[in-house]
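What follows is a single structure, written as structure tokens, with notes after it.
Worth saying up front: this structure is predicted, and the values here are computed from it rather than measured.
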Amino acid sequence: MTRDALHKPDAPVSPTPPHPSRWLALAVLTLALLLVAVDATVLGLAMPFLTEDLQPSSTQLLWIGDIYSFVIAGLLVSMGSLGDRVGRKKLLLIGSAAFGGLSVLAAYAHTPETLILARALMGVAGATLMPSTLALIRNLFTDPRERSFAIGVWGAASTAGAAVGPVVGGILLEHFWWGSVFLINLPVMAVLLIVGYKLLPESRNPDPGPWDLFSVALSLVGMFGVVYCIKELAAHGPRTAAFAAGAVGLVCLYAFVRRQHTLPAPLLDMRLFRNRGFSASVLADLLTVLGLSGLIFFLSQFLQMVQGRSPLEAGLSELPAMVGAVGAGLCAGMAARRFSVRLVVAGGLGASGLALAGLFGLTPDTGYPLLFAVLLIVGVGAGFSFTVTADVILSSVPEEEAGASAAVSETAYELGAALGIALLGSIVTGVYSNLTLPTGLSADSAAQAKDSLAGAVEVAETLPGGSSDALLVAAQASFTDGLRIAAMVGAVVLLGAAVWAWRMLRHTELATSRTHH
């Protein structure tokens, strides 16, 4: 179903003239998204350094790493809807200023509690940026072909940011202290504020209705509870607290959906999901990220702790995925019009799934050419799929709801990432915990070695030569076995998503001419 079939104007309307500075404005929006994406991954490499400096407990360390994504996931829909009401440009600029100021607070945090608070507030600011950028693209680019290319640039920035994060972090941490990974935000935010204020047009829903704070609370608690449950189960296995959080989250999300059906001006119009193209694209996004995120997360550990690469080398080794995603994203809209939406989306998902299946032959000493090929094909497939589904999601709704629909796309991404790391992480952890340990280890050392590959590496450093080598070889082999099986599960998920997309996107097309609603 096309956008025009859903929202057909009563009479022909002259198309809106294109915004004269739209391409420069796109560069500014891309910069904002790039920064949020980099910030989600750059902290990982800094963890050992800030651990030594701030001495956080294991629980505090977990919150430092996770609170940012928890808050973003919980607030995306609310902030997308707020932008529709108060103005997307206004919300973007306020969020950018806050993000810059909070980056300073995080960089100079002297206690774990301060850093956790700063990261949580950065999540609030980040949640204002992500849906606003995509919604403003919808407003800037009235020509569907130009908009498809702009969304390709936007998607490429998101992928590039996640991939560049470890590289930037590796470079900074070789020369500066851990807080430098936050201070890189400041010059970018300054440019965004100055240029964005001058170039970006304001856009909002002309008749938005009130912003329902109770719906905001239900959305935040619901998403926070579900994501927390998933991550806790992945990290520590079945626990009462995790299940309780998940149950509360699901109840709140159910209440959120029920409430949206009763409100005259809902935070999220649930009727959007009646559009087959919209709902199919959202689910395709979620399954794609689910299948891929766990792989990228654990492949970083494989490159460093199994193959002995430095953090910077590991980051550079993963760049083919970024290159493939950027290249595919820029031509995805053209390909979807030349062939079909379902062929490009299903084909991208299928290619990514088959590439992941190629990791079934992975061993600790596998050469880089195989990893290069897998990462490149996965990147190309994801670039095609993400870009076209984002275009379908954004084009399936009226302009005044662009922020809320963009937030749904981003929420699917965040939830898919959490599910992917949790589900595939559980597989890696489960297989790894069955490793055979060398004799003579104390009970504490054995438990630490079986807990994680990083724990085994630490224990091995305290052992004499023969025992140390035996433990490392066993741990690296078990971790690789877990990664192989997780890659196969990810491949099955992606191939299943390809079949789903082929069936559900049968009559979905991208618009080819400019329309105005």
Side-chain angles (χ1 to χ4, degrees), residues 16-40 42 72 76 79-80 82-84 86-104 122-165 168 182-204 322 325-326 329-330 333 386-387 390-391 394 399 402-403 405-407 409-410 413:
T16 308
H19 192 275
S21 303
R22 61 194 181 282
W23 295 108
L24 191 54
L26 175 63
V28 176
L29 295 174
T30 300
L31 202 60
L33 183 69
L34 188 69
L35 202 61
V36 176
V38 166
D39 219 72
V42 73
I72 281 184
L76 277 171
M79 291 302 181
L82 182 63
D84 290 340
V86 304
R88 292 148 197 155
K89 173 183 175 179
K90 182 187 294 183
L91 190 63
L92 179 73
L93 295 179
I94 292 171
S96 299
F99 201 86
L102 292 164
S103 297
V104 177
M122 285 175 74
V124 176
T128 69
L129 299 177
M130 296 169 78
S132 293
T133 56
L134 193 52
L136 282 166
I137 286 173
R138 165 70 186 268
N139 190 58
L140 282 164
F141 293 89
T142 53
D143 181 85
R145 292 180 185 274
E146 285 190 351
R147 184 170 63 236
S148 291
F149 182 78
I151 290 172
V153 174
W154 177 90
S158 179
T159 307
V164 167
V168 171
F182 295 114
L183 294 183
I184 57 169
N185 298 339
L186 296 182
V188 179
M189 285 304 172
V191 171
L192 177 61
L193 285 169
I194 295 167
V195 182
Y197 178 77
K198 291 182 176 296
L199 284 185
L200 293 175
E202 185 56 281
S203 67
R204 60 168 61 87
M322 180 200 78
V326 170
L330 295 180
F386 278 140
T387 305
D391 202 341
L394 204 60
E399 282 184 28
S405 67
S409 176
E410 293 292 340
Y413 186 99

Minimum heavy-atom distance Ala150-Ile137, with the two atoms named: CB-CG2, 3.9 Å
Closest heavy-atom pair and its distance - Thr387, Gly152: CG2-CA, 3.4 Å
Nearest atoms (heavy-atom pairs only) where Met189 meets Phe99: CE-CD2, 3.3 Å
Residues which pass side chain to side chain contact (heavy atoms under 4.5 Å, CB included) with Phe149, listed by chain and number, not counting sequence neighbours: Trp23, Val153, Leu330
Contacts of type side chain to side chain contact (heavy atoms under 4.5 Å, CB included), residue Ile194, not counting sequence neighbours: none
Where Ala390 and Ile151 come nearest, the two heavy atoms and their spacing: CB-CG2, 3.8 Å
Trace of the side chain to side chain contact (heavy atoms under 4.5 Å, CB included) decision for Leu136 with Leu92: CA-CA 10 Å; Leu136 282 166; Leu92 179 73; 3.9 Å; yes
Lys198: side chain to side chain contact (heavy atoms under 4.5 Å, CB included) partners, not counting sequence neighbours: none
Pair listing, side chain to side chain donor-acceptor pair (under 3.5 Å) test, anchored in residues 184-195, at least two apart: Asp39-Asn185, Ser103-Asn185
Residues forming a side chain to side chain contact (heavy atoms under 4.5 Å, CB included) with Leu93, sequence neighbours excluded: Lys89, Leu193, Tyr197
Heavy-atom check, side chain of Leu129 versus side chain of Met79, under 4.5 Å: no
Audit row: Val191, Val28, side chain to side chain contact (heavy atoms under 4.5 Å, CB included) steps and yes/no: CA-CA 8 Å; Val191 171; Val28 176; 5.8 Å; no
Full working for side chain to side chain contact (heavy atoms under 4.5 Å, CB included) between Leu140 and Leu29: CA-CA 11 Å; Leu140 282 164; Leu29 295 174; 3.8 Å; yes
Non-hydrogen atoms of Ala125 and Thr128 that approach each other most closely: O-OG1, 2.5 Å
